[in-house]
*Asks:* 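The structure under discussion is supplied below as structure tokens; questions concerning it will follow.
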Amino acid sequence: MEKFILVIDQGTTSTRAILFNKDGVDIAKSQEEFPQYFPQPSWVEHDANEIWQSVLNVTHKVMQEAGISAKDIESIGITNQRETTVIWDKESGMPIHHALVWQSRQTNDITNQLIDEGHEDLIRLKTGLKVNSYFSATKVMWLLNEIPQARKRAEKGELLFGTIDTWLIWKLTDGQVHATDYTNASRTMMFNIHSLEWDEELLSIFNIPKTLLPEVKKSSDFYGKTAYYHLFDEEVSITGVAGDQQAALFGQNCFEPGNVKNTYGTGSFILMNTGKKAVNSEHGLLTTLACDDKGEVCYALEGSIFVTGSAIQWLRDGLEIIEESYETEKMSYELASNEGVYVVPAFVGLGAPYWDSNVRGAIFGVTRGTSRQTFARATLESIAYQTKDVIETMVCETGLPITQMKVDGGASKNKFLLEFQADILNIPIFKPLVTETTAMGAAFLAGLGTGFWKNTEEIRHIWQVESSFYPDMDVNDRDAYYKKWKKAVAAARFFHED
Ligand SMILES: Nc1ncnc2c1ncn2[C@@H]1O[C@H](COP(=O)(O)OP(=O)(O)O)[C@@H](O)[C@H]1O
Ligand SMILES: O=P(O)(O)OC[C@H](O)CO
């Protein structure tokens, strides 16, 4: 009887459940958005129980739609928004507070204190990360400091910490398994990416009790069996776990050092596989753990851009100049150029390669003739320029030429964006047939764990190009556009310097 891999893809704004068959075809999917909480400007929170409920809903729906039951599921793969932090009570399973989301800036003060105390270099050497409120460690510190009794209870071993993968594994196994994988652990700022263990020295600096932390396993491994009998009428194994960006790198078949992918979602995440070598970035990229073609640990360089697709949401929900994000494509094609307008969408500061938490968004070059179309085009262009900032840094740090880039994510549906991206980078861009590459990566990891797929040779042919975009821009135009962008970023940063 035909079997399927069930992938739970738990993202920042929505949860998806997708079923893959042995040919790597996504035969059924279900998606559900869940509430976002903004208790203060620049704070972003989720209710972990609402996330869990959304997982139950989409899983139930996708199985119904495909007409399958638990016995038809070979195993489960989990992929998730990374860094987002949940702490819960070991006994009751109840979170002690909302999950603090990766985008949230409520720990900026803690971050600044760590920098002032001079811990930056040590943290970067051990974890590969910038000291930034993006990562889990300062979120754990905030929860332990702010929630009454939390520190005391953590010290007594009554509480558990997890990123969303860990929370879902815990819920699926009914509290039997407290585990994460290397890729997620590498985003917590508590994990030593060289010794592959929780770092005692950092935990002591952060004053975080080790009893909070999950066991860390390979991405393709046996995590446990589900115990949720309302959802599955028999046990199903969880055999693949990876952070969404590393799962996308795997799903895009970026198995060789030098391979690069960019996922254009809420933010954009550009990852380059660097093989067994941890490249220590001097210019604002992150060193992170990823999976090689055997599902074993390897290293990647990452450029994390905080605002890309969400800038399009701002055009829709903030400025209300579009009704649907796809309209920006046609609007941009209607113009011969950006008419000298540059949008710097630094709504929550700038991530890679600038890491400037103080800067805020800015728009330059507006004239009486500036139209909705100009704003749409300048916002789409800003996504491509931010990507170029990262790619240029990657080339400079690794000395490796980047000759092509694979893309996926919601905003990769936009043809104008991908054409402009190829032009501004001066390299070809390839978009795969199955754009659910994050889920596909998690499916591959789960399937390799059970022998559903024997090795990556079996899955390589599943990846196929749907569309290719080749550069076609005059070199002088390219240089002029990009030079203006750099000036716009510098001016926005100058404006917010103090
Ligand atoms: N045709 C489009 N053009 C530009 N942006 C788009 C388009 N379609 C979707 N987006 C953007 O893509 C993002 C959603 O992508 P998705 O990969 O689902 O995000 P995430 O996984 O981060 O929740 C949204 O921010 C949306 O504005
Ligand atoms: O949920 P996404 O796709 O926006 O991804 C979020 C990233 O994992 C954050 O690091």
Side-chain angles (χ1 to χ4, degrees), residues 8-16 18 29 31-34 36 44 46 51 54 79-85 99-104 129-130 132-136 139 163-165 183-184 186-189 242-249 251 261-271 286 288 290 300 302-319 322-333 345 347-348 351-352 376-377 379-384 407-421 431 435-439 441-442:
I8 296 165
D9 178 358
Q10 205 304 298
T12 311
T13 53
S14 71
T15 303
R16 296 176 175 89
I18 304 178
K29 57 180 135 180
Q31 180 166 0
E32 185 174 301
E33 294 201 359
F34 56 88
Q36 310 283 315
V44 190
H46 292 158
I51 288 184
S54 72
T79 181
N80 55 290
Q81 53 166 322
R82 307 164 306 164
E83 301 96 13
T84 297
T85 297
L100 307 191
V101 177
W102 60 274
Q103 297 156 316
S104 196
L129 305 177
K130 298 284 291 180
N132 193 275
S133 46
Y134 175 25
F135 306 106
S136 313
K139 299 180 196 295
T163 39
I164 296 296
D165 55 313
T183 66
N184 275 294
S186 73
R187 313 297 296 183
T188 60
M189 216 170 85
D244 55 8
Q245 303 310 323
Q246 285 91 339
L249 190 72
K261 73 89 198 174
N262 187 8
T263 301
Y264 299 89
T266 309
S268 283
F269 300 89
I270 303 151
L271 269 72
L286 309 172
T288 202
E302 172 171 328
S304 325
I305 305 170
F306 295 147
V307 176
T308 57
S310 59
I312 307 298
Q313 287 168 335
W314 165 72
L315 294 178
R316 187 191 62 190
D317 308 332
L319 297 189
I322 54 169
E323 279 181 15
E324 300 289 345
S325 40
Y326 66 80
E327 292 167 25
T328 54
E329 179 182 301
K330 185 164 171 287
M331 289 162 84
S332 301
Y333 279 128
F347 304 151
V348 292
R377 178 161 173 154
T379 307
L380 279 178
E381 285 191 2
S382 76
I383 300 177
V407 299
D408 53 66
S412 72
K413 283 183 236 148
N414 194 302
K415 259 179 76 180
F416 174 85
L417 171 63
L418 297 190
E419 271 178 20
F420 189 78
Q421 186 72 83
K431 190 170 100 166
T435 47
E436 295 286 1
T437 44
T438 299

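For ligands, and for the atoms within them, numbers begin at 1 and follow the listed sequence.
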*Asks:* Looking only at N/O atoms, are D244 and ligand 2 under 3.5 Å apart anywhere?
*Replies:* yes
*Asks:* May I ask you to list the atoms of ligand 2 that are less than 4.0 angstrom from any heavy atom of Y134?
*Replies:* 9 (C), 10 (O)
*Asks:* Anything with a heavy atom under 4.0 Å from ligand 1 counts, so go ahead and list those protein residues by chain and number.
*Replies:* T13, R16, G265, T266, G309, S310, I312, Q313, S325, Y326, T328, G409, G410, A411, K413, N414
*Asks:* Using a 4.0 Å cutoff against the non-hydrogen atoms of G11, which atoms of ligand 2 qualify?
*Replies:* 1 (O)
*Asks:* So is Q10 polar-close to ligand 2, meaning N/O to N/O under 3.5 Å?
*Replies:* no
*Asks:* How many angstroms lie between CD in Q31 and CD in E33, if you round to the nearest 0.5 Å?
*Replies:* 7.0 Å
*Asks:* Evaluate side chain to side chain donor-acceptor pair (under 3.5 Å) for T263 paired with D408, printing each intermediate quantity in order.
*Replies:* CA-CA 5 Å; T263 301; D408 53 66; 2.6 Å; yes
*Asks:* Over 60° means perpendicular and under 30° means parallel, so classify the ring planes of F306 and W102, tilted if in between.
*Replies:* tilted
*Asks:* Give the atoms of ligand 2, by number and element, whose distance to some non-hydrogen atom of T12 is under 4.0 Å.
*Replies:* 1 (O), 2 (P), 4 (O), 5 (O), 6 (C)
*Asks:* A quick test of your reading: do over 12 heavy atoms of other residues, nucleotides or ligands sit less than 6.0 Å from NZ of K431?
*Replies:* yes
*Asks:* Numbering the atoms of ligand 2 from 1, which are under 4.0 Å from a heavy atom of F269?
*Replies:* 7 (C), 9 (C), 10 (O)
*Asks:* May I ask which of Q81, E83, R187 has a heavy atom nearer to atom 9 (C) of ligand 2 than the others do?
*Replies:* E83
*Asks:* Quick one: which of D317, T266, T379, V307 gives a side chain to side chain contact (heavy atoms under 4.5 Å, CB included) with I312?
*Replies:* T379
*Asks:* Please identify which atoms of ligand 2 are closer than 4.0 Å to at least one heavy atom of T266.
*Replies:* 4 (O)
